[in-house]
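Everything below concerns the one structure shown next.
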Amino acid sequence: MDEAPAGTPRPGQSDDAVDGVIRTRALTKRYRGGQLAVDRLDLTVPKGSVFGFLGPNGSGKTTTIRMLMGLIEPTSGTAHVLGHPVPRAARTVLPHVGALIEGPALYGFLSGRDNLLRYDAADPTADPRTRTARVAAALDRVGLTAAAGKKAKAYSLGMKQRLGLAAALLRPRKLLVLDEPTNGLDPQGMREIRSLVRQLASDGTTVFVSSHLLDEIEQMCTHAAVMTHGRLVTQGPVAELAAGARGRLVVTTPDAGEAARVLKEQGVGDLVVTGDRVSGQVPKRDLAEVNAALVTAGVRVRGFGVQRASLEDAFVALTGEGFDVAG
Ligand SMILES: Nc1ncnc2c1ncn2[C@@H]1O[C@H](COP(=O)(O)OP(=O)(O)O)[C@@H](O)[C@H]1O
Ligand SMILES: [Mg+2]
């Protein structure tokens with residue numbers, strides 16, 4: 001099917017460097033029961049990004065990923081992956097995509113290595129002559145070489161997730177799609193997966209990773225999209241999303257009570273006092289004047305500054321909701 005010269009987008013095919021490795025337009029899924037799980041989603045995932053798909057449980061992340069992987073049909077709207085329409089061209093696209101969706105399916109009675117051999121053998125486009133070497137390389141990549149001969153049922157949850165990642169890495173991929181890869185892991189397991197994702201991204205693979213954990217996305221991703229109730233709230237570079245939310249004025253002082261009184265006079269709203277730390281909304285007026293007023297009132301100021309907003313601040317500002325961190 002490849003008669004157009006390399007680099008020339010054919011009609012109906014986009015250049016994914018420009019239009020995104022993943023691009024959806026008004027993508028919508030209403031389940032048979034009537035549940036509107038994804039509502040007119042417009043997503044653009046830039047090439048080379050580590051793209052966090054962030055939202056509380058039930059916000060439509062897995063449903064979106066299943067549509068992108070051609071596992072379920074959208075109700076309406078379109079999706080392109082690596083420039084090809086899905087689900088129509090899923091068979092062309094999917095060999096270039098490594099996916100880990102809702103926990104890997106493993107055979108507990110087989111070793112980690114044998115699980116991968118069997119998984120690869122089930123892929124008609126995988127070369128059997130290089131199978132053993134590719135399985136060994138993937139095991140090495142995720143740090144499972146030493147445990148490769150153990151039965152998968154003896155693996156910890158973190159090891160199982162890593163084995164699932166290894167399955168996604170059996171062949172060179174342009175895109176990795178990981179649905180909540182740290183779900184259910186302990187903090188150590190989560191750190192391992194996060195650092196693995198960063199490593200994978202450092203050699204140019206685009207990674208699309210969903211999570212309901214804000215700080216995780218903030219630590220791991222260059223870009224993010226925020227979902228709530230099936231709708232996209234915002235998307236863009238993580239640094240810009242966080243900067244979109246206003247930071248807070250933070251004053252450290254042994255005279256916290258007096259400082260709060262002066263700050264209130266100066267028009268600082270939403271004051272919170274914890275120990276020697278007073279914080280509030282950044283006022284419209286010149287901060288030099290606010291600082292001078294504190295000093296004039298005899299408040300001993302140790303620290304004075306605007307704390308950078310986090311992605312969490314942005315989320316709360318955008319949705320008016322707290323974030324379900326424990327989820
Ligand atoms: N197979 C299904 N049939 C009906 N409703 C579903 C199905 N799968 C998910 N849902 C509903 O769709 C919404 C989005 O679910 P999901 O995509 O799994 O969200 P997330 O992955 O963000 O937790 C939820 O309200 C969920 O209950
Ligand atoms: Mg999910």
Side-chain angles (χ1 to χ4, degrees), residues 22-45 50-79 81 86-87 90 97-106 157-158 160-162 164-165 167-168 175-186 189-190 193-194 197 207-221 223-236 238 241 311-312 314-316 318-327:
I22 293 171
R23 180 168 52 96
T24 72
R25 290 295 172 262
L27 189 66
T28 299
K29 179 68 185 183
R30 189 183 284 281
Y31 282 110
R32 227 168 250 147
Q35 173 75 35
L36 186 59
V38 177
D39 187 6
R40 288 163 293 163
L41 177 63
D42 293 330
L43 207 57
T44 304
V45 176
V50 182
F51 196 100
F53 194 40
L54 176 67
N57 290 324
S59 57
K61 302 182 300 294
T62 297
T63 301
T64 302
I65 288 173
R66 293 177 75 211
M67 287 192 280
L68 293 173
M69 296 296 99
L71 296 170
I72 55 172
E73 291 269 349
T75 306
S76 58
T78 60
V81 175
V86 286
V97 181
L100 179 64
I101 303 177
E102 294 215 317
L106 298 172
L157 198 53
K160 286 179 183 158
Q161 284 298 79
R162 283 191 277 151
L165 262 177
L175 171 65
L176 283 176
V177 175
L178 311 174
D179 191 13
E180 307 242 14
T182 65
N183 219 6
L185 301 187
D186 59 19
M190 293 171 92
I193 296 285
R194 281 201 300 264
V197 167
V207 182
F208 184 77
V209 54
S210 79
S211 176
H212 64 279
L213 300 175
L214 260 161
D215 61 335
E216 174 160 293
I217 294 290
E218 207 158 24
Q219 288 174 42
M220 185 164 65
C221 298
H223 293 68
V226 179
M227 295 284 285
T228 171
H229 307 296
R231 293 211 192 93
L232 181 72
V233 182
T234 185
Q235 67 184 319
V238 167
L241 294 179
L311 196 54
E312 180 161 10
F315 183 88
V316 172
L318 284 163
T319 63
E321 289 172 38
F323 204 86
D324 166 23
V325 179

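First listed ligand is number 1; within each ligand, the first listed atom is number 1. Since the structure is predicted, the reported quantities are computational estimates derived from the model, not experimental observations.
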If you compare all heavy atoms of [X] against all heavy atoms of [Y], which two are closest, and at what distance to 0.1 Å?
X    : Y    : answer
M227 : L41  : SD-CD1, 3.8 Å
M69  : I101 : CG-CD1, 3.7 Å
L157 : G184 : CD2-O, 3.1 Å
K61  : P56  : NZ-O, 3.1 Å
P181 : I193 : CB-CG2, 3.9 Å

Worksheet item: Of the choices G55, G58, G34, which has the non-hydrogen atom that lies closest to atom 23 (O) of ligand 1?
Response: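 Among G55, G58, G34, the closest heavy atom to atom 23 (O) of ligand 1 comes from G58.
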Discussion item. Using a 3.5 Å cut-off on N or O atoms only, is N57 in polar contact with ligand 1?
Written reply: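 No - when backbone and side-chain N and O of N57 are compared with those of ligand 1, no distance drops under 3.5 Å.
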Practice prompt. Please could you name the atoms of ligand 1 that S59 approaches to less than 4.0 Å, counting only its heavy atoms?
Written response: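 Listed by number with element, the hits are 19 (O), 20 (P), 22 (O).
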Discussion item. Using a 4.0 Å cutoff against the non-hydrogen atoms of P56, which atoms of ligand 1 qualify?
Written reply: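 Here the atoms of ligand 1 in question are 22 (O).
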Heavy atom of the protein closest to [atom] (residue, atom name, distance):
atom                    : value
atom 9 (C) of ligand 1  : Y31 CE1, 3.4 Å
atom 11 (C) of ligand 1 : Q35 CG, 3.7 Å
atom 17 (O) of ligand 1 : T63 OG1, 2.5 Å
atom 12 (O) of ligand 1 : A37 CB, 3.3 Å
atom 19 (O) of ligand 1 : G60 N, 3.1 Å
atom 18 (O) of ligand 1 : T62 CB, 3.8 Å

Discussion item. In terms of relative ring orientation, are F53 and F208 parallel, tilted or perpendicular, with 30° and 60° separating the classes?
Written reply: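 Aromatic pair F53/F208 classed tilted.
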Discussion item. Just by distance, no angles: are the side chains of H212 and E180 close enough, under 3.5 Å, to form a donor-acceptor pair?
Written reply: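 A pair is found: one side chain offers a donor N or O, the other an acceptor, under 3.5 Å apart.
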Between [atom1] on residue [X] and [atom2] on residue [Y], distance to nearest 0.5 Å:
X    : Y   : atom1 : atom2 : value
K29  : D39 : NZ    : CG    : 14.0 Å
L175 : I22 : CG    : CD1   : 5.0 Å
L36  : T28 : CG    : OG1   : 7.0 Å

Item to complete: For ligand 1, note which part of S210 has a heavy atom under 4.0 Å away: side chain, backbone, both or neither.
Response: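 Looking at S210 and ligand 1, no heavy atom falls under 4.0 Å.
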Practice prompt. Would you verify that at least one protein heavy atom lies under 4.0 Å from atom 27 (O) of ligand 1, or report that none does?
Written response: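 Within 4.0 Å of atom 27 (O) of ligand 1, no protein heavy atoms are found.
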Discussion item. Distance check below 2.8 Å: does T62 bring an N, O or S atom to the Mg ion (ligand 2)?
Written reply: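 T62 does place an N, O or S atom closer than 2.8 Å to the Mg ion (ligand 2).
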Discussion item. Quick check on G33 - does any of its heavy atoms sit under 4.0 Å from an atom of ligand 1?
Written reply: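 Contact check G33 vs ligand 1: negative.
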Worksheet entry | Contact check, G230 vs ligand 1, heavy-atom distance below 4.0 Å |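 The answer is no, since G230 has no heavy atom less than 4.0 Å from ligand 1.
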